[in-house]
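A, B, ... follow the sequence lines: proteins, then strands. Residue 1 opens every chain. Reckoned from all heavy atoms, side chains included, excluding hydrogens, waters and symmetry mates.
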Number of protein chains: 2
Amino acid sequence: MPKRVFIIDDDPSVRKGLARLIKSAGFHPEPLASAEGFLQKTRFNGPACLVLDVRMPGLSGIDLQKEMIKKGISLPVIFITGHGNIPMSVNAMKDGAVDFLPKPFDDTQLLSAIERAINKNIRMRKNLSEKEKIQRRIKLLTPREYDVLRWVITGRLNKQIAAKLGVTEKTVKVHRGRLMQKMQVKSVAELVVLTQKCEIGSPKR
Amino acid sequence: MPKRVFIIDDDPSVRKGLARLIKSAGFHPEPLASAEGFLQKTRFNGPACLVLDVRMPGLSGIDLQKEMIKKGISLPVIFITGHGNIPMSVNAMKDGAVDFLPKPFDDTQLLSAIERAINKNIRMRKNLSEKEKIQRRIKLLTPREYDVLRWVITGRLNKQIAAKLGVTEKTVKVHRGRLMQKMQVKSVAELVVLTQKCEIGSPKR
DNA sequence: TTGTAAATTGGACTTTGGTCCAATACGGAA
DNA sequence: TTCCGTATTGGACCAAAGTCCAATTTACAA
């Protein structure tokens, strides 16, 4: 899987230079002339990150970062800039930027930042996909099975759950057996570990 | 519980001014003339944070931050500086600083940073104390009970655990009952939730 | 040497959990 | 209307977990 590095800078010569450097380091550069152009993109299959010029006509790099946060796109960002200042860099870092490099910077500085950014993205993608896998299983549950699940992971006995739901213990056992199958676990311990990774609303009453 | 704000700056007039501002905002200022002076401190009972001048004779603010990381002291840091630059601020943020304010800054900027820092520290302290509470319970376990615990929270049956440990199922039940008491839980689900908060080495074999 | 804590096991039960087969009831989709 | 998925329950069992009382062995400290 190629590690894609989006290069967003309005200066063609900068794009070209960075693309060459990044390519030589074994990444897959994707030069783009504007932040708007990047926002058109919808496909984010593999590991990737952004190298982003702060100052650009139209949407600035900072604007793009904020826009991505708003839209829930979470690709690690590395800023580069010729005319930055401290508050700007601090805000970018607060918003989760991996690095903020004033020009001129060493090639090695940029490449090490890219390395960190890509690794971060890989970790995030792994977490996310596991979370989604679990969510998919939860969606297979019927409403009643979901009710039972929420009580089971808080350690209640079948008879207690039965009382809460106003049904017999027998019924709870059936639901419980089926939800364990659908969640693909063989023990309550495994079930708890799974559900801790997603947010499960705690049961009422 | 007073919210203590350590002010570390070599300039007495700055210390005085900041102390007044911070006091007026309802915090408890603790002015110190040097980073070395702060490192003497050992008592960190209540919520607190640091307002730290970057440039100082002897240990600089940056040095102090690194020293604290090395020693495992985790108080949120806010840097203030008259002569900073971007790489310095970025590195400070990477190392977990809450904010980095070049002089001159607005009072409100500093106060809002302090507010965030204190809240962060309160959350950290809460997490830490819960973790320690759990660790204390784990220390009550005999080696054998701890062995059993590690298998229980991975969802093994008593008979499986017995086989792993080379003892009878009966024995496992006894250990299991006692560890549940010592951990103060009534169900495997609760036990798993507790142990997820600390790191438990996964069992071998 | 004498405790003391830890580890181990047995017997005898009770309570819980889980499964198989079967059946009833309800509501929406074809 | 008919069929399917969901929810519910019963009976009959078996497996697993938990408890109470009692006993033996071992290692380490006073």
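Both A/Gly177 and B/Lys182 lie near DNA chain C, and the one whose nearest nucleotide falls closer to the 5' end is B/Lys182.
One atom, CD1 of B/Ile161, and another, P of D/dA16, lie 12 Å apart when rounded to the nearest Å. Rounded to whole Å, atom P of D/dG18 lies 12 Å from atom CD of B/Gln181. Between B/Gln160 atom CD and D/dA15 atom P there is a gap of 15 Å when expressed in whole angstrom units. A/Leu157 has its CG atom 14 Å from the P atom of D/dA17, to the nearest Å. The CD atom of A/Glu145 sits 6 Å away from the P atom of D/dA7 (whole-angstrom rounding). At whole-Å resolution of the value, CG in A/Leu179 and P in D/dT6 are 14 Å apart. Note: CZ (A/Arg144) to C1' (C/dG27) measures 16 Å, nearest angstrom. For the pair B/Arg178 CZ and C/dA6 P, the interatomic distance rounds to 9 Å; values are reported in whole Å.
Nearest nucleotide to the side chain of A/Arg176, out of C/dT8, C/dG17, D/dA16: C/dG17. Side-chain proximity of A/Thr168 to the nucleotides D/dT19, D/dA7, D/dG10 is greatest for D/dG10. Closest to the B/His175 side chain, of the nucleotides C/dT8, D/dT8, C/dT16, is C/dT8. Nearest to the side-chain atoms of B/Pro143 among the listed nucleotides D/dA16, D/dT6, C/dA6 stands C/dA6.
By the 30° and 60° cut-offs, the orientation of the rings of A/Phe79 relative to A/Phe100 is tilted. Using the six-membered ring where Trp is involved, B/Phe44 and B/Phe6 have ring planes that are perpendicular, over 60° apart on the 30 and 60° scheme.
Heavy atoms from other residues, nucleotides or ligands lying under 6.0 Å from NZ of B/Lys94 number more than 12.
A close approach under 4.0 Å does not occur between any side-chain nitrogen or oxygen of A/Lys173 and OP1 or OP2 of C/dT16. Residue B/Asn158 places at least one side-chain N or O closer than 4.0 Å to OP1 or OP2 of D/dA17.
A salt bridge between A/Asp147 and A/Arg144 is present, with a side-chain N of the basic residue lying under 4.0 Å from a carboxylate O of the acidic one. A salt bridge does not link B/Glu169 with B/Lys159: none of the charged nitrogens is closer than 4.0 Å to a carboxylate oxygen.
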### Message
Between A/Glu190 and A/Ser187, is the side-chain hydrogen bond (donor to acceptor under 3.5 Å, both in side chains) condition met? List the steps.
### Response
CA-CA 5 Å; A/Glu190 293 170 77; A/Ser187 66; 3.0 Å; yes
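Across all non-hydrogen atoms, the minimal contact from A/Leu75 to A/Ala48 is CD2-O, 3.7 Å.
Note on B/Thr142: only backbone sugar-phosphate atoms sit closer than 4.0 angstrom, heavy atoms only; bases stay farther off.
For B/Lys170 against C/dG10, a side-chain-to-base donor-acceptor contact under 3.5 Å is absent.
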Filtered N/O pairs between nucleotides 24-30 of chain D and protein, under 3.5 Å:
none

